[in-house]
Q: 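Pasting a structure below so you can have a look.
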Amino acid sequence: MAREKQPEAAADAEGTPERSYREQLDFLNPIAQPLASRKLTRKLYKCIRKGLVGVETGAWPGPGRRSAARSPCASLTAAKHKQIRRGVKEVQKFINKGEKGITVLAGDTLPIDVYCHIPIMCEDRSLPYAYVPSKSDLGAAAGSKRPTCVIMIKPHEEYQETYDECLEEVGALPLPL
């Protein structure tokens, strides 16, 4: 009987629409400040996606080839070329090494102890950071099926204009007290 209920639950999960920005705000943790607006959140996701595609040769994939943004190893390729840093351990390591970039944190990560030291490290080194409402959307923007709670976006000439817009808006966000 349990086997019959599992496919139904899977079908229900697939049929449910994604949560809107306002619905995602209900699941934020208490330290998720400064929170990116809906518009800035979209720009940050776009910048992350461009960071993934920007490491490729720049040519469109030919017939029969998959695009870089949808390939399962796209995030590994981007990390290999040092355009994005993904995960608490990797971001923390490169903040300590002195890398510059925009740090994007997921606001619905629990327990908070997993990444509560990252904003302090960013403030000490004058790095801009912002929270977005969903770790699953953050992971999807990075080309991963798994949720991600922290990503660092590094500047690159292929998406410099989008990066500069995001940098300006994230820098204008008020820091928490």
Side-chain angles (χ1 to χ4, degrees), residues 18-52 54-55 72-156 159-160 162-177:
E18 293 183 12
R19 291 189 182 123
S20 70
Y21 183 83
R22 289 200 185 273
E23 291 171 342
Q24 290 174 352
L25 294 180
D26 295 335
F27 299 101
L28 291 178
N29 58 41
I31 67 165
Q33 293 295 327
L35 183 66
S37 65
R38 177 184 293 158
K39 186 176 178 182
L40 179 56
T41 300
R42 288 181 185 161
K43 283 184 182 180
L44 288 168
Y45 291 157
K46 183 178 179 181
C47 192
I48 292 168
R49 278 189 228 102
K50 284 188 176 185
L52 294 173
V55 297
C73 62
S75 61
L76 297 175
T77 306
K80 184 177 175 183
H81 291 289
K82 300 180 176 73
Q83 300 310 309
I84 63 166
R85 303 291 185 191
R86 193 175 143 242
V88 176
K89 191 173 180 181
E90 189 176 359
V91 169
Q92 178 180 345
K93 179 170 75 171
F94 287 99
I95 288 175
N96 283 332
K97 285 186 176 183
E99 276 194 1
K100 300 292 182 188
I102 302 170
T103 305
V104 182
L105 300 110
D108 62 348
T109 302
L110 290 174
I112 299 170
D113 301 341
V114 172
Y115 73 143
C116 64
H117 59 284
I118 300 287
I120 298 166
M121 293 172 66
C122 290
E123 288 177 13
D124 289 345
R125 289 161 182 82
S126 300
L127 294 175
Y129 69 94
Y131 285 86
V132 293
S134 173
K135 62 183 174 184
S136 57
D137 290 347
L138 189 60
S144 173
K145 292 180 182 177
R146 303 220 12 120
T148 303
C149 59
V150 183
I151 286 183
M152 178 186 273
I153 309 166
K154 296 198 50 160
H156 192 266
Y159 56 90
Q160 190 67 39
T162 308
Y163 177 84
D164 290 339
E165 286 177 20
C166 291
L167 182 65
E168 182 180 321
E169 289 187 37
V170 169
L173 291 173
L175 291 177
L177 297 176

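The structure presented is a predicted model; accordingly, all values stated were derived computationally and were not measured.
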Q: Check L52 against A141 and note the closest heavy-atom contact, atom names and distance.
A: CD1-O, 3.4 Å

Q: With a 4.5 Å heavy-atom cut-off, do L138 and P147 have their side chains touching?
A: no

Q: Output the distance between atom CZ (R86) and atom OG1 (T148), rounded to the nearest 0.5 Å.
A: 4.0 Å

Q: Please tell me whether N29 and Y115 have a donor and an acceptor in their side chains that are separated by less than 3.5 angstrom.
A: yes

Q: If I take atom CD from residue Q33 and atom CG from residue L175, how far apart are they, to the nearest 0.5 angstrom?
A: 10.5 Å

Q: Heavy-atom distance under 4.5 Å between the side chains of E99 and L127, does that happen here?
A: no

Q: A quick test of your reading: do over 12 heavy atoms of other residues, nucleotides or ligands sit less than 6.0 Å from NZ of K100?
A: yes

Q: Between Y159 and H156, how do the two ring planes meet: parallel, tilted or perpendicular, split at 30° and 60°?
A: parallel

Q: Evaluate the side-chain proximity of Y21 to P133: yes if any heavy-atom separation is below 4.5 Å, no if none is.
A: yes

Q: Quick one: list whatever passes side chain to side chain contact (heavy atoms under 4.5 Å, CB included) with K39, sequence neighbours left out.
A: S37, K43

Q: Do you know the tightest heavy-atom contact between G101 and Y163?
A: CA-OH, 3.3 Å

Q: Say you draw a straight line from OG1 of T41 to OH of Y131; how long is it, rounded to the nearest 0.5 Å?
A: 13.5 Å

Q: How close do I118 and I95 get, counting heavy atoms only, and between which atoms?
A: CG2-CD1, 4.4 Å

Q: Hey, what do you get for CG (L40) to CG (L44), rounding to the nearest 0.5 Å?
A: 4.5 Å

Q: Around R125, counting heavy atoms of other residues, nucleotides and ligands shown, do more than 12 lie under 6.0 Å from its CZ?
A: yes

Q: To the closest 0.5 Å, what do you measure between CZ (R38) and OG (S20)?
A: 6.5 Å

Q: Regarding S134 and R19, is there a side-chain donor-to-acceptor distance under 3.5 Å anywhere?
A: no

Q: Considering all heavy atoms of both residues, which atom of V91 and which atom of M152 are nearest to each other, and what is their separation?
A: CG2-N, 3.9 Å

Q: Could you pull out all donor-acceptor pairs under 3.5 Å where a side-chain atom in residues 102-113 meets a protein atom, sequence neighbours excluded?
A:
from	atom 1	to	atom 2	distance (Å)
D108	OD1	K135	N	2.9
T109	OG1	A106	O	3.4

Q: Evaluate the side-chain proximity of P34 to P176: yes if any heavy-atom separation is below 4.5 Å, no if none is.
A: yes

Q: For Q160 and P155, work out which heavy atoms get closest and say how close.
A: OE1-CB, 4.0 Å

Q: With a 4.5 Å limit on heavy-atom distance, are the side chains of C116 and I31 in contact?
A: yes

Q: Would you give the length of the straight line joining atom CD of E90 to atom CD1 of I84, rounded to the nearest 0.5 angstrom?
A: 8.5 Å

Q: Does E23 have any salt bridge (charged side-chain N to carboxylate O under 4.0 Å, His left out) partners at least two apart in sequence or in another chain, and if so, which?
A: none

